[in-house]
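Not measured: the values here are computed from a predicted model. The first residue of the sequence shown is numbered 1, and numbering continues consecutively from there.
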Amino acid sequence: MSVPTSHSSLDEQVALWRQFLSRRQAIHAVDVAELEDHLREQVAGLVEAGLAQDEAFLIAVKRMGDLDSLSREFAREHSERLWKQLVASPEGVTTVTRQESVVAWALAFGAALALKLPALFGITMEEHEHFYLRNAPFFSLPMLTGYFAWKRRLAPATVRWLALAFVCAAVFANVYPVRETGSTAILAFVHLPVALWLVVGIAYAGGRWSQVAGRMDFIRFSGELFIYFALIAMGGGVLAAFLAMIFESIGIKVEAFLGTWLIPCGAAGAVVIASWLVEAKQSVIENMAPVLTRLFTPLFAAVLVTFLGALLWTGNGVNIERDMLIAFDALLVVVLALVLYSISARDSTAPAGGFDVLQVVLLVCALLADAVALWAIAGRISEWGLTPNRVAVLGINLILLVNLAWSTVLYFRFLRHRGSFTALERWQTGYLPVYAAWAALVVIVFPPLFGFA
């Protein structure tokens, strides 16, 4: 049954699509009519989900292209129109889309204002740098959580719990009498955003956090947000450089303005704007994070294989200095991110292929590298004793070890047709709260445990 629509723009697009199909001798009029029924049903479903009609039509054609080669050719030949719609607002922009953009920009402006609010009480960036570092997550993340709470129409009770989480985090971040340059203060600065990112995820999932699909959507969003934020940051860097250059030409120094206003306020607001861009565009183009993942997975696998081979060949131990261990852990986190985004982009019903074998190689190498790092950390602790940094590094490496080990087991089962790919998805998404819980433990327990050192 064809789904009627009162918008002439959709009828014009469908007419163009029908005209394209009708030019093919291999397809009959009755087939075109049947395909049109399916197309309109797809469009209606996407419009009900909140998309604009032009976006819904393009996505529906792409989906039809998965079933029909003629529709696929139509989508390919009309790709130019797709890109035009990505960079220019169509005439039929819905009220909801405009409202979302207004809310996003207002919250971004609010994040920028929140960053300058402490200055009204004499807490300036120049004189209280550690205060701003300690409270950095509270300028943007509450605004971002509020954006998703508004968009997902979260229940008031859920919003209150999310707000309470931020209030408790702010208390623990500021009431402890820690030394500003002490180990526990630095650890809290690093781990606090990780713990609060889980709060953002609950708001983003909008009641679907208990579902694997909801948590996997948040993983995809996080990767896309990182990419968009990086692009905005690069553009902002170019803007700042040109701003400094042109004002320098007339003898005006703007470095103070850039360092205390434009760059920090822009960064605070960019978190919300980048998130809005991900939400606005993720249904129209293929996500970038999984594409980059397929590019870098073989490269990182080659690096780890080469490293392990060199380790065995030379017999040298791993440098156990703090900076080296932090860099080592960062590498393992990147590897885990590659695995996560590969999983997020993969059809769970598709059979195992060559890229899956490469994923297992990457996991095994990361697992061995983590074991080497743990051995080095254990040696350092046995020789020099426990410190906040060593315990923090030991904890995150053990958490990574468990995640990597069981992921490897599940992937092996999938390759040997003894398990499903869904089990791997469930394990990875279900393990996310472990990282947030460990981060919260570092922020709350470590300072008093180690004498606020």
Side-chain angles (χ1 to χ4, degrees), residues 49-50 137 141-142 144-155 157-159 161-162 165-166 169 191-229 271 274-276 278-279 282-283 286-293 332-350 356 359 363 396 399-400 402-411 413-414 419-441:
L141 296 190
L144 182 56
T145 304
Y147 169 68
F148 288 125
W150 168 81
K151 184 171 183 179
R152 307 290 194 254
R153 292 177 172 81
L154 297 184
T158 303
V159 175
W161 279 110
L162 296 177
F166 278 105
H191 288 79
L192 184 60
V194 178
L196 291 178
W197 195 240
L198 183 73
V199 181
V200 177
I202 294 172
Y204 176 87
R208 298 171 59 238
W209 182 255
S210 60
Q211 303 173 17
V212 174
R215 297 192 297 272
M216 186 60 74
D217 285 344
F218 179 61
I219 291 173
R220 296 189 188 99
F221 162 78
S222 300
E224 296 298 308
L225 172 60
F226 175 80
I227 294 172
Y228 274 90
F229 184 84
V271 174
S275 301
W276 167 64
V278 174
E279 284 287 283
Q282 66 179 351
S283 298
E286 186 177 10
N287 290 346
M288 289 183 285
V291 174
L292 294 177
T293 296
L332 294 176
V333 170
V334 170
V335 169
L336 184 61
L338 289 174
V339 174
L340 273 173
Y341 288 108
S342 294
I343 292 173
S344 72
R346 192 188 188 284
D347 183 1
S348 58
T349 61
D356 295 299
Q359 287 282 89
L363 280 169
I396 192 61
I399 291 172
L400 286 170
V402 173
N403 193 346
L404 292 169
W406 192 242
S407 298
T408 304
V409 171
L410 292 175
Y411 229 132
R413 289 181 179 177
F414 171 68
S420 66
F421 195 82
T422 304
L424 181 60
E425 290 180 325
R426 189 180 300 112
W427 164 251
Q428 287 289 359
T429 58
Y431 203 77
L432 293 178
V434 175
Y435 294 101
W438 173 252
L441 185 72

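Listed here is the closest heavy atom pair of Asn403 and Leu336: ND2-CD2, 3.5 Å. For the pair Leu154 and Ala203, the tightest heavy-atom approach, listed with the atom from each and the gap, is CD1-CA, 3.8 Å. Minimum interatomic distance between Phe421 and Tyr411 (heavy atoms only, all atoms of both residues): CE1-OH, 3.7 Å. Listed here is the closest heavy atom pair of Gln359 and Leu338: NE2-O, 4.2 Å. Nearest approach of Ala149 to Val159, heavy atoms of both residues: CB-CG2, 4.1 Å. When every heavy atom of Pro137 is checked against every heavy atom of Leu196, the shortest pair comes out as CB-CD1, 3.7 Å.
Rounded to the nearest 0.5 Å, atoms CG (Leu432) and CD1 (Ile219) are 4.5 Å apart. To the nearest 0.5 Å, the span separating CZ on Arg152 from OG1 on Thr145 amounts to 12.0 Å. The structure places CH2 of Trp406 at 11.0 Å from CG of Leu424, a figure rounded to the nearest 0.5 Å. The OG1 atom of Thr422 sits 11.0 Å away from atom CD1 of Ile343, with the distance rounded to the nearest 0.5 Å. Separation of atoms CD (Gln211) and CG (Asp217) is listed at 9.5 Å; rounding is to 0.5 Å. Between the CZ atom of Phe229 and the OG atom of Ser275 there is a distance of 9.5 Å, given to the nearest 0.5 Å.
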Audit row: Leu198, Trp209, side-chain contact (heavy atoms from CB on, under 4.5 Å) steps and yes/no = CA-CA 10 Å; Leu198 183 73; Trp209 182 255; 3.1 Å; yes
Can Ser222 and Phe226 be said to form a side-chain contact (heavy atoms from CB on, under 4.5 Å), step by step?
-> CA-CA 6 Å; Ser222 300; Phe226 175 80; over 6 Å; no
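Ionic pairing of Glu425 and Arg220 is not present here: no N-O contact between side-chain nitrogen and carboxylate oxygen is shorter than 4.0 angstrom.
Two residues are said to be in side-chain contact when any heavy atoms from C-beta on lie closer than 4.5 Å; Tyr435 and Leu400 meet this criterion. Annotation: side chain of Val194 is not in contact with side chain of Trp197 (no heavy-atom distance under 4.5 Å).
Ring-plane geometry between Tyr431 and Trp427 is classed as tilted, the angle between the planes lying from 30 to 60 degrees on a 0 to 90 degree scale. Ring pair Phe221/Tyr204 is parallel by interplanar angle, where below 30° counts as parallel and above 60° as perpendicular.
Looking only at distances, a side-chain donor or acceptor of Tyr341 sits under 3.5 Å from a matching main-chain atom of Gly223.
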